[in-house]
A.B. asks: 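Quick one: the structure is below, and I'll ask about it shortly.
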Amino acid sequence: MVTGGAGFIGLHLVKRLLSLGVDVIVFDVLENSARQRMLESIAKDDLSGKLTVVRGDILAGEKQLSKALASAEAIVHLAALVDVSASMEVPEEVDRVNALGTLLVLKACVDAGTKRFVYASSCAVYGEAQYLPIDEEHPLNPLSPYGVSKLVGERYCQIFQDLYEVETVVLRLFNVYGPGQGVGGYANVISSFVERMVRDEPVVIYGDGLQTRDFVYVDDVVEALIRVLSSDRAIGEVLNVGSGIRTTIKDLAKAIGKLLGKEEVDALHAPPRLGEIRHSQANIEKAFRLIGYKPAYTLEKGLSPTVSWLVNRLKGLSRG
Ligand SMILES: NC(=O)c1ccc[n+]([C@@H]2O[C@H](COP(=O)([O-])OP(=O)(O)OC[C@H]3O[C@@H](n4cnc5c(N)ncnc54)[C@H](O)[C@@H]3O)[C@@H](O)[C@H]2O)c1
């Protein structure tokens with residue numbers, strides 16, 4: 001079962017699982033109509049009927065979850081509210097879905113006898129980097145209610161592993177990007193740069209543009225998820241999943257400009273945003289050691305399909 005299976009990462013994971021011949025249950029509130037259409041089109045292509053879609057809320061009670069989980073051997077828990085700035089405005093809502101929601105899904109796993117629980121955590125649990133690259137032993141100092149809520153979810157995984165022998169694996173995802181990505185949230189900067197460049201407007205860079213992020217292509221994240229589902233070596237472990245490379249926001253703008261045929265990128269500089277970290281870069285040695293995780297996508301390789309997808313989406317929006 002994939003909770004949040006109609007989300008950005010979820011849709012990529014579901015397609016990949018179906019292509020491997022795995023039976024998949026998507027459990028999602030299905031509130032985004034564009035994503036729902038994508039899921040419907042995946043279901044249409046699924047001639048062998050391996051996909052089941054359950055519209056449900058992880059907060060609505062364990063009964064519905066345990067029922068849906070009854071036949072599942074493993075769960076990938078992706079359902080969450082992922083907008084970091086929204087988490088500053090409605091922290092209690094984000095806490096309910098991300099922290100309490102994770103606890104309820106774990107309880108449902110115990111009731112249903114589901115063996116493996118894979119949890120999508122976030123690099124937001126680290127906060128400001130004290131050293132680079134950030135390994136899994138780095139201190140945990142989240143700077144937003146979102147980061148705190150993801151960390152609480154991690155701790156519940158640990159407790160359930162110890163108390164109820166659920167096989168939990170925690171993946172700390174860095175900045176995931178790719179076709180289908182949301183326009184808010186983690187990879188927002190890519191969507192915003194593409195949108196402005198397509199309109200021949202200057203991009204907006206907060207601060208000096210020398211801040212860095214670790215952008216990881218969605219197919220690499222899916223590969224890591226598949227590996228922890230099919231290997232026992234990561235049970236009870238926490239693994240970083242990033243590209244292992246840090247990219248400055250200025251270099252990101254240049255790389256996107258190149259793909260859109262712009263030799264020079266015009267930029268407006270705005271004051272740095274509150275609560276933003278300066279640098280981010282994952283140390284991915286542990287994931288390599290335990291599950292052989294090795295990103296297959298450089299930023300250039302991953303940006304190309306992402307930028308094309310975003311440009312087509314903008315064309316679709318302007319056609320109305
Ligand atoms: N995208 C990233 O860069 C990134 C980075 C780090 C961690 N993560 C984590 O990965 C996971 C997936 O992220 P994403 O980018 O695909 O997000 P997304 O917003 O695209 O997908 C989340 C999905 O969860 C569903 N959902 C939300 N609340 C729900 C509820 N109460 N019950 C059932 N379903 C619910 C939504 O409908 C949506 O389809 C999240 O847990 C997020 O914290 C993502």
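These numbers come from a predicted model, not from an experiment. Ligands are counted one by one from 1 in listed order, and the atoms in each one are counted from 1 as well. Note: hydrogens, waters and symmetry copies are ignored here, and every other heavy atom, side chains too, is used. Just so you know, residue 1 is the first one in the sequence shown, and it goes up from there.
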A.B. asks: Give a yes or no answer on whether the side chain of K250 reaches the backbone of I205 with a donor-acceptor pair at less than 3.5 Å.
C.D. replies: no

A.B. asks: Could you establish whether D57 and ligand 1 come within less than 4.0 Å of each other, counting only heavy atoms on the residue side?
C.D. replies: yes

A.B. asks: Out of all atoms in ligand 1, which are within 4.0 Å of some heavy atom of V29? Include the element for each.
C.D. replies: 26 (N), 29 (C), 30 (C), 32 (N), 33 (C), 34 (N), 35 (C), 37 (O)

A.B. asks: Just heavy atoms, cut-off under 4.0 Å: does H77 contact ligand 1 by side chain, backbone, both, or neither?
C.D. replies: neither

A.B. asks: How about Y131: does its OH atom have over 12 heavy atoms from other parts shown lying under 6.0 Å from it?
C.D. replies: yes

A.B. asks: Please say which of V54, V14, T3 ends up in a side chain to side chain contact (heavy atoms under 4.5 Å, CB included) with I25.
C.D. replies: V54

A.B. asks: Taking non-hydrogen atoms only, is V82 closer than 4.0 angstrom to ligand 1 via side chain, backbone, both or neither?
C.D. replies: side chain

A.B. asks: Polar contacts were defined as any N/O atom of the residue lying under 3.5 Å from an N/O atom of the ligand; does this apply to C123 and ligand 1?
C.D. replies: no

A.B. asks: Against heavy atoms of V97, which atoms of ligand 1 measure under 4.0 Å?
C.D. replies: 28 (N), 31 (N)

A.B. asks: Quick test of your reading of the structure: of A80, G4, G178, whose heavy atom lies closest to atom 27 (C) of ligand 1?
C.D. replies: A80

A.B. asks: Please report the interatomic distance CZ(R213) to CZ(R278), rounded to the nearest 0.5 Å.
C.D. replies: 9.0 Å

A.B. asks: Roughly how far, to the nearest 0.5 Å, is CZ of R155 from CG of L140?
C.D. replies: 6.0 Å

A.B. asks: Considering distance alone, does some N or O of V176 sit under 3.5 Å from an N or O of ligand 1?
C.D. replies: yes

A.B. asks: With a heavy-atom distance limit of 4.0 Å, tell me whether Y146 approaches ligand 1 through its side chain, its backbone, both, or neither.
C.D. replies: side chain

A.B. asks: Near L173, which atoms of ligand 1 are under 4.0 Å from a heavy atom of that residue?
C.D. replies: 5 (C), 6 (C), 7 (C), 8 (N), 10 (O)

A.B. asks: Could a heavy atom of G56 be found less than 4.0 Å from some atom of ligand 1?
C.D. replies: yes

A.B. asks: For atom 32 (N) of ligand 1, which candidate among V84, I58, V241 holds the nearest heavy atom?
C.D. replies: I58

A.B. asks: At a non-hydrogen distance cut-off of under 4.0 Å, which region of F174 contacts ligand 1 (side chain, backbone, both, or neither)?
C.D. replies: backbone

A.B. asks: Quick one: does ligand 1 sit under 4.0 Å from the side chain of S121, the backbone, both or neither, non-hydrogen atoms only?
C.D. replies: backbone

A.B. asks: Do any N/O atoms on L59 end up under 3.5 angstrom from N/O atoms on ligand 1?
C.D. replies: no

A.B. asks: For the NZ atom on K286, are there more than 12 heavy atoms of other groups (residues, nucleotides or ligands in this structure) within a distance under 6.0 Å?
C.D. replies: yes

A.B. asks: What pair of heavy atoms forms the shortest contact from V169 to A234, and how long is it?
C.D. replies: CG2-O, 3.6 Å

A.B. asks: Hey, does D28 come in under 3.5 Å of ligand 1, counting only N/O atoms on both sides?
C.D. replies: yes

A.B. asks: Counting both backbone and side chain atoms, is some N or O of A79 under 3.5 Å from an N or O of ligand 1?
C.D. replies: no

A.B. asks: Looking only at N/O atoms, are R35 and ligand 1 under 3.5 Å apart anywhere?
C.D. replies: yes

A.B. asks: Apply side chain to side chain donor-acceptor pair (under 3.5 Å) to the pair D214 and S243, showing each step before the final yes or no.
C.D. replies: CA-CA 6 Å; D214 182 322; S243 68; 2.7 Å; yes

A.B. asks: Mind running side chain to side chain donor-acceptor pair (under 3.5 Å) on Q181 and S191 for me, showing each step along the way?
C.D. replies: CA-CA 8 Å; Q181 68 177 46; S191 311; 2.9 Å; yes

A.B. asks: Which ligand 1 atoms does A6 reach within 4.0 Å, using its non-hydrogen atoms?
C.D. replies: 39 (O)

A.B. asks: Nearest 0.5 Å please: distance from the CD1 atom of I245 over to the CG atom of L299.
C.D. replies: 8.5 Å

A.B. asks: Report yes or no: does a heavy atom of G101 sit under 4.0 Å from some atom of ligand 1?
C.D. replies: no

A.B. asks: Quick one: CG on L225 to OH on Y293, what's the gap to the nearest 0.5 Å?
C.D. replies: 10.0 Å

A.B. asks: Does H138 reach the main-chain N or O of Q130 with its side chain, forming a donor-acceptor pair under 3.5 Å?
C.D. replies: yes

